[in-house]
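Within every chain, numbering begins at 1; the chains are lettered A, B, ... in the order of the sequence lines, protein sequences first and strands thereafter. Because the structure is a prediction, the values reported are computed rather than measured.
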There are 2 protein chains.
Amino acid sequence: MNQQQLKKTIRFANIKCATAGGKFTEKRQQVLEILLKANKPLSAYELTEQFNKVMSVPILAMSVYRILDFLESVSLVHRLKSENKFMACTHVNDGCSHQLSMFLICSKCNKVIEMSDVDDKIKALFAQVHILPSFDHPMALTLIAYSH
Amino acid sequence: MNQQQLKKTIRFANIKCATAGGKFTEKRQQVLEILLKANKPLSAYELTEQFNKVMSVPILAMSVYRILDFLESVSLVHRLKSENKFMACTHVNDGCSHQLSMFLICSKCNKVIEMSDVDDKIKALFAQVHILPSFDHPMALTLIAYSH
DNA sequence: TGTTGGATGTTATACTATATCAATTGTGCT
DNA sequence: AGCACAATTGATATAGTATAACATCCAACA
């Protein structure tokens, strides 16, 4: 992500935080910037290390976790629990509503891509699932499928 | 899972291990039995604790991890990385080939179900993905989708 | 100006997972 | 039987991930 895109994204992020009633503090911005520049998922500790490498005032992993929680709550960051990693949303400024996110992860090289045009098939599948009686909270559902 | 089903499953497991060229040792069997009886995903440490509660000779978490690795390698157990948990394959004795597994996880109550009839839509989607140039190992792919 | 709530600092600790080497067990072979 | 070899498990240490709990700081607002 180049400098211009980054600036644009930061502006969007600012608006998104304001809308959600949260503050886009300097550290939150810096954490997001690192993730955006990384262009790949980072663990909280990798992020912390990178932060302390490039920023003047240091940060603790604890704070990074809190900031990531916040950024995730406003849909600027995705948490990939299966990887223990976090990544900046690939299409922050596409006006994506984020009702449905989708990722593909290679279990050999650990490459991750976020699918921007979430397939209608998946949407239909989720709709199907919502009918199943066994789930009490159909709006907080994760689907995992893997080939091997 | 009742006693009769369990015995049947254990027989299947035995065959599966033999076919794969591995031994179905007593501890491996005991670990599998606990998972089968639990009827839900367990963490390695929960499993260890349970093991030491109901079995006469104790086990260490390290061994449990190794045994789970083995059981996963012969498709008797699934590892749910996003949950840091392991679960017995729901349809061990269905003759499932396990080229494609699929789970639904509720992020609120953490309930997990394994889909036995993996949707054709998902299969088609994976087939699509296999064409994408950005993945070097298309046969080791995980798809994650979540609604929120 | 005081105070109040959100954000961050700080320390401690729980939980998850793997590395490493030693001991044991089983299996085939002579 | 006795030996050699490989697979399994024991045992200890340590890395890596995540949260709890309390203190401090700071900005917004009455």
Nearest-Å distance for atom pair CG/P, residues B/Leu68 and C/dT16 | 13 Å
B/Asp69 atom CG is separated from C/dT16 atom P, nearest whole Å, by 16 Å
Heavy-atom donor-acceptor pair, A/Arg28 side chain to A/Leu71 backbone, under 3.5 Å | no
Atom CD of A/Glu72 and atom P of D/dT19 are separated, to the nearest Å, by 10 Å
Just by distance, do the side chain of A/Ser63 and the backbone of A/Ile59 share a donor-acceptor pair under 3.5 Å?
-> no
Greater than 12 external heavy atoms within 6.0 Å of A/Gln5's CD = yes
Could you tell me whether the phosphate oxygens of C/dT8, OP1 or OP2, come under 4.0 Å of any side-chain nitrogen or oxygen in A/Thr25?
-> yes
Using a cutoff of under 3.5 Å, can you pull out all pairs of nitrogen or oxygen atoms linking the protein to nucleotides 15-17 of chain D, with atom names and distances?
from, atom 1, to, atom 2, distance (Å)
D/dT17, O3', A/Asn84, OD1, 3.4

Side chain of A/Glu33, backbone of A/Gln30: donor and acceptor closer than 3.5 Å?
-> no
Would a line drawn from the ring center of B/His78 to the ring center of B/Phe86 be shorter than 6.0 Å?
-> no
Whole-Å distance separating the CG atom of B/Leu47 from the P atom of C/dT16 = 12 Å
5' to 3', nucleotides 21-30 of chain D under a 4.0 Å protein heavy-atom cut-off (B base, S sugar-phosphate only, - none) gives B---------
When you measure from the side chain of A/Glu114 to the backbone N and O of A/Thr90, does any donor-acceptor pair fall under 3.5 Å?
-> yes
